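Here's the structure we're looking at; comments come further down.
Protein chains get the first letters and strands the later ones, always in sequence-line order, with residue 1 at the start of each. All values below come from the heavy atoms of this structure, side chains included, with hydrogens, waters and symmetry mates left out. Owing to the predicted nature of the structure, the values given are computational and were not obtained by experimental measurement.
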Amino acid sequence: MRKILILALAAVALAAAQAQTVVTVATGAVGQELELSRAAAARYMALHPDVTVNVLETPDLTDNRQALYLQMFEAQSSDVDVFQIDVIWPGDMAEHFVDLYDYGAREVADQHFPAIIENNTVDGHLVGIPWFTDAGLLYYRTDLLAKYGFAGPPATWSELTSMAKTIQDGERAGGNPDFWGFVFQGNSYEGLTCDALEWVSSFGGGSIVSPAGVITINNPKAVAALETAASWVGTIAPNGVTSFDEESARNMFQAGNAAFMRNWPYAYSLGNASDSVIAGKFDVSPLPAGPDGSPAATLGGWQLAVSKYSKNPAAAADVALFFASYDEQKIRAVEGSYNPTVMALYQDKDVLAAVPFFGSLYDVFINAVARPSTATAPDYAAVSRAFYTGVHSVMTGQATAADAVAEIEADIEDVTGFPTGQP
Amino acid sequence: MTGESQAGARRTRDRRDRGTSSLLRAERRTAYGLLLPTFIILAIIAAYPFGRVVYSSLTNAKFASSQPTSFVGLDNYRTLLSFTIRELPARRDDAGQVVRQDGRVQYESAVSVLPRSPQRYRQVFQFGLLGKRYVLGAISADFIRAVWDTVVFTVIAVALETVLGMVIALALASNFRGRGLMRAAMLVPWAVITVVSARIWEWMLQPTRAGLFNALGSYLGLSDGRTDFFGNPTLQLPSMIMMDVWKTTPFMALLLLAGLSTIPSEYAEAAKVDGAGVVRRFFGITLPLLTPTLAVALIFRTLDSLRVFDIFQVVLGNQRYSMASFAQDMLISRRDMGLSSAASVTIFVIIFVFAILYVRSMKVDTQ
């Protein structure tokens, strides 16, 4: 009798195991991303006991993540079902993803920002459901600004430079020799493209390649922007900033060793966490403007896409749509200050209470400057590489800004064959 | 052996073979039969993938794409290896005078003198010769620079590893208490996964005083505690070499230690009786007898070091490339499988040349 019972139990367990659908989601692990994704996976599994959702951690640097994804696509691997993809990738990677409109995305698509849906639509196929959006922000220490008699955050880059210098000199004299004025993403990677696009654009130097497909980077305003940025290295920004990514900048700012930081919204809730020494002592504002330009924030953000090589595309699409739903985006906004792509959440009381700047900086998010990924698809990665390598050589003092923009222009010309012109 | 005497030896052998018994021929057949599985496995795991790489280096294949590919001949190699040297004219102002700054002649930018079509040449580096200034330009400036950097990295790192490895091996070869423990402890750096050790070094070499080296430097008053080991171009290669030496010296020491243990101690004792000093004994007895081991160790390390990838990729990313990390970057950020394959084949050829040079110069193949 006992034997039969055990056999019966084993049979049930076996049947259950066979019925389990496994969906693997590849997500980022920057800041709280991984924990939030695991929590979301747990909530999904609670609602769908027949599905197991695995969360796969992927590299921090966008470029390394892209390397991993491309290798999986080349091998047509079914190991990962749902990919977290950057806002610049839909054009380059579209052929590896299913059309989410075939899996019920049509009913929810109009809840999201139309511009992002448009960005993710390739030849009429929705290749990714928007998950969160991003825009570059200026983080500043409210306590230090008050201490040195500044009324508010800087409106121009030259104001930022002089404020950073004043605060840095004061703090160093006050006993913190490791203090710096300004930190940002200066390593030679996609993040530098984002930062440098903000400098160039805010100086009125265009957006590298115009939406109409004209290479505009070789202009005096872009040169001035890059010269300004290069002058920060070693003066108000650490020499090592040329190997900083998002997390290096955040670590320094959150340790209380920097007055200003350029970063994405995710750093807000981490900075206000209970173990942060700067909790309640900082705020965010739009990035400063150039001498005769207006502030610019680079558009970032990530989407969830379902692999064409997935064994369970329907289940995978369901997981992706669940992760990107109103309720889940709300949790991510409140707990992690990840910008929702669902428009209605910007009026949600709980979201605005947790992250007040989602309301006050709404314009920054909807007017963010896009990287020229649409105009240059499918060669955006090569265009961006030419740009950030050139900018990096200026930041490290290996090239003058004027030479570098001429090089960048010629490099992009080689890749795309586009005409050159002024912004 | 000279070429002539080799040819002579072959002739003698051929004459001997003709007179061999059927037994010997049967044995030879058996030998080939026994070797066959090895050849088949080699063909599957080495020859086939290599053939694929050579093939794709002759096409314009795009990585992770269904885009149709076509045969482009040697175009990828032309792109990779073309270089040119041009003279840089001095910069002149509107009056035709040479522009000087701080007493030094200013030159036109390299972009203006390097050819633009059919393909663009980028500056690799500039150099002065006989009072004139030249620029070395290449279509794939990054690759030419990567080849140069990798060779410099290899030569310096392997030389340091050999000297340090020899010192450690000699120390561990002597008899003392705790020798076993020391031998085991020595191997720790070698046992650490390279990516992990690269990260550890990255932390120790941080550009702020949070990093060990900068903390020590500023504590001892040697630096301002802001040395940027990975961002400063002049410090990048020395940092990489330091990491590699730390990691692979144990391997060198281990191989040399094995070689040392095969040298009978009687030789050294006899020399000692004859009145030879320590230095004389090392250069007269130990080193010559250790040469075969040293040759094998050097070949291993050099070839390994020429295809260095992990520490460059982890620490320097897109800032500076080794030959292998350049090939990977071409594959990923340019998605240019053809060019990446051509780079891989070129790396193979370069490594092959090094291997032949070693085998020839160290006479590894003679008994």
#### Entry: Residues in residues 65-74 of chain B near chain A [non-hydrogen atoms, under 4.5 Å]
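Checking residues 65-74 of chain B against chain A gives B:S65, B:S66.
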### Query
Which region of B:D224, side chain (C-beta onward) or backbone (N, CA, C, O), has a non-hydrogen atom less than 4.5 Å from a non-hydrogen atom of chain A, or is it both or neither?
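Neither part, no heavy atoms under 4.5 Å.
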### Query
Does B:R335 reach the main-chain N or O of A:D92 with its side chain, forming a donor-acceptor pair under 3.5 Å?
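The answer is yes, because a donor-acceptor pair under 3.5 Å joins these two groups.
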### Query
Are any side-chain N or O atoms of A:H392 and backbone N or O atoms of B:N318, one a donor and one an acceptor, separated by less than 3.5 Å?
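Here the side-chain-to-backbone pair does not exist.
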### Message
Under the rule for side-chain hydrogen bond (donor to acceptor under 3.5 Å, both in side chains), what residues qualify as partners of B:S333, not counting sequence neighbours?
### Response
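B:S333 satisfies side-chain hydrogen bond (donor to acceptor under 3.5 Å, both in side chains) with A:R385, B:D329 only.
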### Task
Sequence neighbours left out, what pairs pass ring-ring contact (aromatic ring centres under 6.0 Å, His included) with at least one residue falling in residues 105-127 of chain B?
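Output for this query lists B:F127-B:Y134.
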### Message
As an exercise: rank A:D379, A:D411, A:T400 by heavy-atom pairs under 4.5 Å with chain B and give me the winner.
### Response
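Highest number of heavy-atom pairs under 4.5 Å: A:D411.
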#### Entry: Residue selection (most heavy-atom pairs with chain B, distance under 4.5 Å) from A:N239, A:L70, A:T242, A:N64
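Between A:N239, A:L70, A:T242, A:N64, the count favours A:L70.
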Region of [X] that comes under 4.5 Å of a non-hydrogen atom in chain B:
X: A:E95; result: side chain
X: A:Y380; result: neither
X: A:Q76; result: neither

### Message
Looking only at heavy atoms and a cut-off of under 4.5 Å, which of B:R120, B:M337, B:Q328 has the most pairs with chain A?
### Response
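That would be B:R120.
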### When B:R122, B:R116, B:Q119 are compared by non-hydrogen pairs under 4.5 Å with chain A, the top option
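Greatest number of close heavy-atom pairs with chain A: B:R122.
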### Query
Is there any salt bridge (Lys or Arg N to Asp or Glu O under 4.0 Å) pair reaching into residues 177-192 of chain A, and which pairs are they, with sequence neighbours excluded?
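For residues 177-192 of chain A, and leaving out neighbouring residues, the salt bridge (Lys or Arg N to Asp or Glu O under 4.0 Å) pairs sorted by first residue read A:D178-B:R209, A:E190-A:R371.
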